[in-house]
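Computed from a prediction, not measured in an experiment: that's the story for all the values here.
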Amino acid sequence: MRRILSILLENEPGALSRIVGLFSQRAYNIDSLTVGTTDDQSLSRITVTTKGDDRIVEQITKQVNKLVDVLKVIDLTEMSHIERELLLVKVFAKDEATRAAVTRVVDVFQGAILDMGRQSYSLQLVSSTDKIESFLDTLRHETDIIEVVRSGAVGIGRGDKALKAK
């Protein structure tokens with residue numbers, strides 16, 4: 001099962017590599033990884049997407065919690081949450097029919113055309129991972145994809161609870 005872990009840790013050199021190293025040493029695969037500072041510049045938030053059953057995710061969470069720099073770990077999939085991913089994609093748009101079809105797809109998925117070249121469009125979509133997959137599948141039926149860049153999932157819990165330092 002796909003899991004989204006959110007990790008709050010001190011913004012120190014080597015902290016990210018210790019997290020990634022822990023996954024690597026235990027042969028756990030990271031499907032996506034995003035990291036950035038929080039409203040407190042001394043703290044970073046890492047969002048890791050991985051796959052595993054409850055036992056594996058519990059083991060990962062316990063191991064991550066043992067790291068010195070880590071302040072808190074939560075499994076967002078265990079709670080009501082909002083999840084988003086950024087997609088940038090470049091597609092061929094060499095004729096009017098293809099341009100019109102791509103524009104329709106972008107409109108339906110509430111994306112944006114960021115750049116127009118002589119024979120290509122650069123597109124953006126910010127949405128759930130499932131919707132991004134559907135967007136890409138639909139685009140493949142309309143034109144050829146030149147390049148894809150994805151940020152990986154980021155998430156935040158719904159409601160008043162927050163991942164904050166103690």
Hydrophobic clusters here meaning ILVMFWY residues chained together by side-chain heavy-atom distances under 4.5 Å, can you tell me if I146 and I113 are in one?
no
With side chain to side chain contact (heavy atoms under 4.5 Å, CB included) as the test, pick out the partner of L5 among L76, V57, T77.
V57
Give, for atom CD1 of I82 and atom CZ of R158, the distance between the pair rounded to the nearest 0.5 Å.
4.5 Å
My understanding is that only residues two or more places apart in sequence, or in another chain, count here; which of them pass side-chain contact (heavy atoms from CB on, under 4.5 Å) with S151?
E85, L86
I would like to know whether D130 and S128 meet side-chain hydrogen bond (donor to acceptor under 3.5 Å, both in side chains); could you show each step before the answer?
CA-CA 5 Å; D130 290 343; S128 66; 5.4 Å; no
Between E12 and R18, is there a side-chain N and carboxylate O pair less than 4.0 Å apart?
no
Are there more than 12 heavy atoms of other residues, nucleotides or ligands under 6.0 Å from atom NZ of K90?
no
If you look at every heavy atom in N11 and Q41, which pair is closest and at what distance?
ND2-O, 3.1 Å
Over all atoms of both residues, closest heavy-atom pair of S32 and G152
CB-CA, 3.5 Å
Group every Ile, Leu, Val, Met, Phe, Trp and Tyr by side-chain heavy-atom contacts under 4.5 Å, then state whether V73 and L43 land in the same group.
no
Rounding to 0.5 Å, atoms CD (Q63) and CD (Q25) come to a distance of 9.0 Å
Can you tell me how far the CG atom of L33 sits from the CD1 atom of I19, to the nearest 0.5 Å?
9.5 Å
E78, CD atom: more than 12 neighbouring heavy atoms under 6.0 Å:
yes
Taking the basic N atoms (NZ, or NE/NH1/NH2) and the acidic carboxylate oxygens, is any pair closer than 4.0 Å for R140 and D137?
yes
First locate atom CD1 of I74, then atom NE2 of H81, and finally report the distance between them rounded to the nearest 0.5 Å.
10.0 Å
Interatomic spacing from CZ in R45 to CD1 in I156 - rounded to 0.5 Å
5.5 Å
Sole candidate of D53, D75, T50 that passes side-chain hydrogen bond (donor to acceptor under 3.5 Å, both in side chains) when paired with R3
D75
Cluster check V106, V108: I/L/V/M/F/W/Y, side chain < 4.5 angstrom
yes
Y121-F109 co-clustered via ILVMFWY side chain contacts under 4.5 Å:
yes
Mind checking side-chain contact (heavy atoms from CB on, under 4.5 Å) for R2 and listing every partner two or more places apart, or none if nothing turns up?
I4, T49, E83, T129, A153
Is it the case that S42 and D40 place a side-chain donor and acceptor less than 3.5 Å from each other?
yes
Could you measure the distance from the CE atom of M116 to the CG atom of L123? Nearest 0.5 Å is fine.
10.0 Å
Residues T38 and S44: closest non-hydrogen pair is CG2-C, 4.0 Å
Are F23 and V70 co-members of a hydrophobic cluster defined by side-chain heavy atoms under 4.5 Å apart?
yes
Within the supplied structure, the quantity of interest is the number of heavy atoms (other residues, nucleotides, ligands) at a distance under 6.0 Å from F92 CZ; does it exceed 12?
no
Test side chain to side chain contact (heavy atoms under 4.5 Å, CB included) on I60 and R26; report intermediate values, then the result.
CA-CA 9 Å; I60 291 171; R26 285 153 185 82; over 6 Å; no
D69 (side chain) donor-acceptor with E10 (main chain) under 3.5 angstrom
no
If you compare all heavy atoms of A15 against all heavy atoms of L9, which two are closest, and at what distance to 0.1 Å?
CB-CD1, 3.4 Å
